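What you see is a predicted model, and the numbers here were worked out from it, not measured in a lab. Chain naming here is simple, since letters A, B, ... match the order of the sequence lines and numbering starts at 1 in each.
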Amino acid sequence: MPPLSTPPHPLAALLRSSARRRDRTACRKLHAHLLKSGLHQRRPFPSALLDAYAKSGFLSDARCLFDESSHRDAVLYSALLSALSHSDRPSQALSLFRRMVYVDAVPPDGFIFASLVKTCSRIGFLRLGKQAHAQFLLSSFYTDDVVRSSLVDMYSKCCAVDDARKVFDTVPDKNHVCWTAMVSGYASNGRKSEALGLFWQMPRRDLFAWTALIAGFLQSGDSFDAVKLFVEMRRNQVEIDDSFVLSTVVGASSDLAALELGRQLHGLVLALGYKSSMILGNALVDMYAKCSDIRSARAVFEGLVMRDVISWTTMVVGEAQHGRADDALDLYDKMVLAGVKPNEVTFTGLIYACSHAGLVQKGRELFDSMEQDHGIRPSLQHYTCLLDLLSRSGHLTEAENVINSMPYVPDEASWGALLSACKKQGDTSMSVRMADRLLGLKPKDPSTYILLSNTYAAAGKWDSVASVRKLMAEMDVKKEPGYSWIDLGKESCLFRAGEVPYTMRHEIIRLLNELANEMNKRGYVPDTRSVMHDVEENEKEQQLFMHSERLAVAFGLLKSIPGTTIRVIKNLRICLDCHNVIKLISEITGREIVVRDANRFHHFEVGKCSCGDFW
DNA sequence: GTAGGGTTAG
């Protein structure tokens, strides 16, 4: 006969179900009842109550219970440590752990080791994770497989995949959690073939395993294969009974700027009944914004039942990248009115919006308000946004004062922001000064080298141009080749500069020539400043004529349904001349054209661009 | 009574 286990107290069962529903009111009622009946200090209620508050998202209530408790044993510590390790400030678990060991002299058990390792995984603290591993092996719990699974996860998250594999191999009877942790580890660290190999060796592949694999591919930058795997998962008829995998694959379509795919996924989300999921809603808002369909993004946002700081921030950033600064600022006011606290990401989006619309004073105010009104210390990235804001609108001296007095060491991005603005405004001596500082940092980004080389060339400093080239060779920096991509749902096409697909060659060239005639009538003169190669003027014009974004727009005009918006994605920034040309094309053809470049979105309509030529 | 794997914003 197996030993009879004590049935759970009916109130404990009620607490657990309230926690699952995240029902804080129910927790409070039960808490009151326990207090009145004097049961609150009897086992299992101290830890069950704490756990219920924590799991329904009220960590401060859980913390209060812990602090007021007179008897803090391993179970109570374990409940709070677990809650903190899952919170948005997992490092708090470390100070609690120290208090447990040094103040209350409670020795860690298997539960506590698991939470400690989880904390190290969340904050990426490999050194401490290794110490915890060593202590665990010395303890009497060294055979605990739950802790081993958390160690597999911890090593993977700290990029030590081979160490994760060593732990994985020591587990005799691996369960799903352990397999999934290892598959996720390989996938998210870019070890694709090992991830797939292990995945297909799994005894059974459930939704968790598929999600881990797909999310891992996405994390390591392989959105295309992430989507392919999702299709394979559907073919394998895996039931989707939670929304994790959907938000992951919606994220992949944002990355790919694949609007048609995103629309289909939106349909699937509705069909599977996840209309009211906030996380999925947030992912969809971001997807539509990144796929250049800002109106649909806004429609999904307006339809959200619940909005958290991520929902608002996603929408603010979306409006900002589409050059709709007024809408971004208006959203911010509504967000504050709705009682949602902005965070550091919200301010990045807001200052970016001001910067791209030339709203200097408003941007300065927001930057100051960040710390004054919201207690958020500006990061280096915020300072870089401020530098961009000031320098773009011609406040170069003020910007130079900021970069020299800010409480951070400026990096490649900060000097780069300042330099590109100086150069655009033709301040040669300041440009050279900035360029010299930037060159000293041995930059990594190919576009920085192009910027440096152009700056020195414009100033006639040919010896500096030569040293830029030399450093590029030393650092093995190669300019990324430009390409543009258009997705019409039924067919999509990728264009590189100067290359036209054979089957469409005549039609595309003929259309571009017809458009050029019309443009010439309207006074268009090619702006060859964007052509870097040292060639004759008419050769430069010929190169511009075949820029990838133009080829993609021409393809879109020929192939898309008349009257629909043409959406083009470019991997680098759009060139000055193409910007002029596409404005004219939008006027001549009466079509709306949206280009997503490396930096932002350009909406071309009736001869104008949403960026106001200020990008 | 307490633990381990997979989702959203710059």
Whether A:Y352 stacks on the six-membered ring of B:dG10 base, 5.5 Å and 30° limits: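 No; centroid distance or tilt outside limits.
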
Does a distance-only test, which skips hydrogens and angles, find a donor-acceptor pair under 3.5 Å between the side chain of [X] and the base of [N]?
| X | N | value |
| --- | --- | --- |
| A:D145 | B:dG4 | no |
| A:N343 | B:dA9 | yes |
| A:T248 | B:dT7 | no |
| A:S47 | B:dG1 | yes |

Assess A:R148 against A:F168: is NZ or CZ under 6.0 Å from the centre of the six-membered ring, and within 45 degrees of the ring's axis?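 That pair does not qualify as a cation-pi contact.
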
Base, sugar-phosphate alone, or nothing: which one does A:A215 contact when heavy atoms must sit under 4.0 Å apart?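 Sugar-phosphate, no base atom in range.
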
Heavy atoms only, 4.0 Å cut-off, all strands: where does A:S149 land among base, sugar-phosphate and nothing?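 Base contact - A:S149 has a heavy atom under 4.0 Å of at least one base atom.
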
The side chain of [X] lies closest to which of these nucleotides: [options]?
| X | options | result |
| --- | --- | --- |
| A:A79 | B:dT2, B:dA3, B:dG4 | B:dT2 |
| A:K157 | B:dG6, B:dT2, B:dG10 | B:dG6 |
| A:A181 | B:dG6, B:dT8, B:dG5 | B:dG5 |
| A:D144 | B:dA3, B:dG6, B:dA9 | B:dA3 |
| A:R16 | B:dG6, B:dG1, B:dT8 | B:dG1 |
| A:D73 | B:dA9, B:dG5, B:dG1 | B:dG1 |
| A:H86 | B:dG4, B:dA9, B:dG6 | B:dG4 |
| A:F111 | B:dA9, B:dT7, B:dA3 | B:dA3 |
| A:V75 | B:dG1, B:dG10, B:dT7 | B:dG1 |
| A:F244 | B:dA9, B:dG5, B:dT7 | B:dT7 |

Do the side chain of A:S277 and the main chain of A:L280 share a donor and acceptor less than 3.5 angstrom apart?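 Looks like yes, one N/O pair under 3.5 Å.
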
Mark yes or no for whether A:S121, through its side chain, and A:V117, through its backbone, hold a donor-acceptor pair below 3.5 Å.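 No, the answer is negative, given that no donor and acceptor are paired below the 3.5 Å cut-off.
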
Under a 3.5 Å threshold, yes or no: a donor from one side chain and an acceptor from the other, between [X] and [Y]?
| X | Y | result |
| --- | --- | --- |
| A:H356 | A:R600 | yes |
| A:S311 | A:D308 | yes |
| A:T313 | A:T346 | yes |

Using whole Å, report how far [atom1] of [X] lies from [atom2] of [N].
| X | N | atom1 | atom2 | value |
| --- | --- | --- | --- | --- |
| A:W312 | B:dA9 | CH2 | P | 18 Å |
| A:L76 | B:dT2 | CG | C1' | 9 Å |
| A:Y53 | B:dT2 | OH | C1' | 18 Å |
| A:F208 | B:dG4 | CZ | C1' | 10 Å |
| A:D153 | B:dG4 | CG | C1' | 8 Å |
| A:M182 | B:dG5 | CE | P | 15 Å |
| A:R204 | B:dG5 | CZ | C1' | 14 Å |
| A:L15 | B:dT2 | CG | P | 10 Å |

Assess whether ring-ring contact (aromatic ring centres under 6.0 Å, His included) is satisfied between A:F301 and A:W312, documenting all intermediate values. CA-CA 8 Å; A:F301 174 81; A:W312 289 97; 5.2 Å; yes

Would one find a side-chain N or O of [X] under 4.0 angstrom from OP1 or OP2 of [N]?
| X | N | result |
| --- | --- | --- |
| A:K290 | B:dG10 | yes |
| A:S82 | B:dA3 | yes |
| A:Q219 | B:dG6 | no |

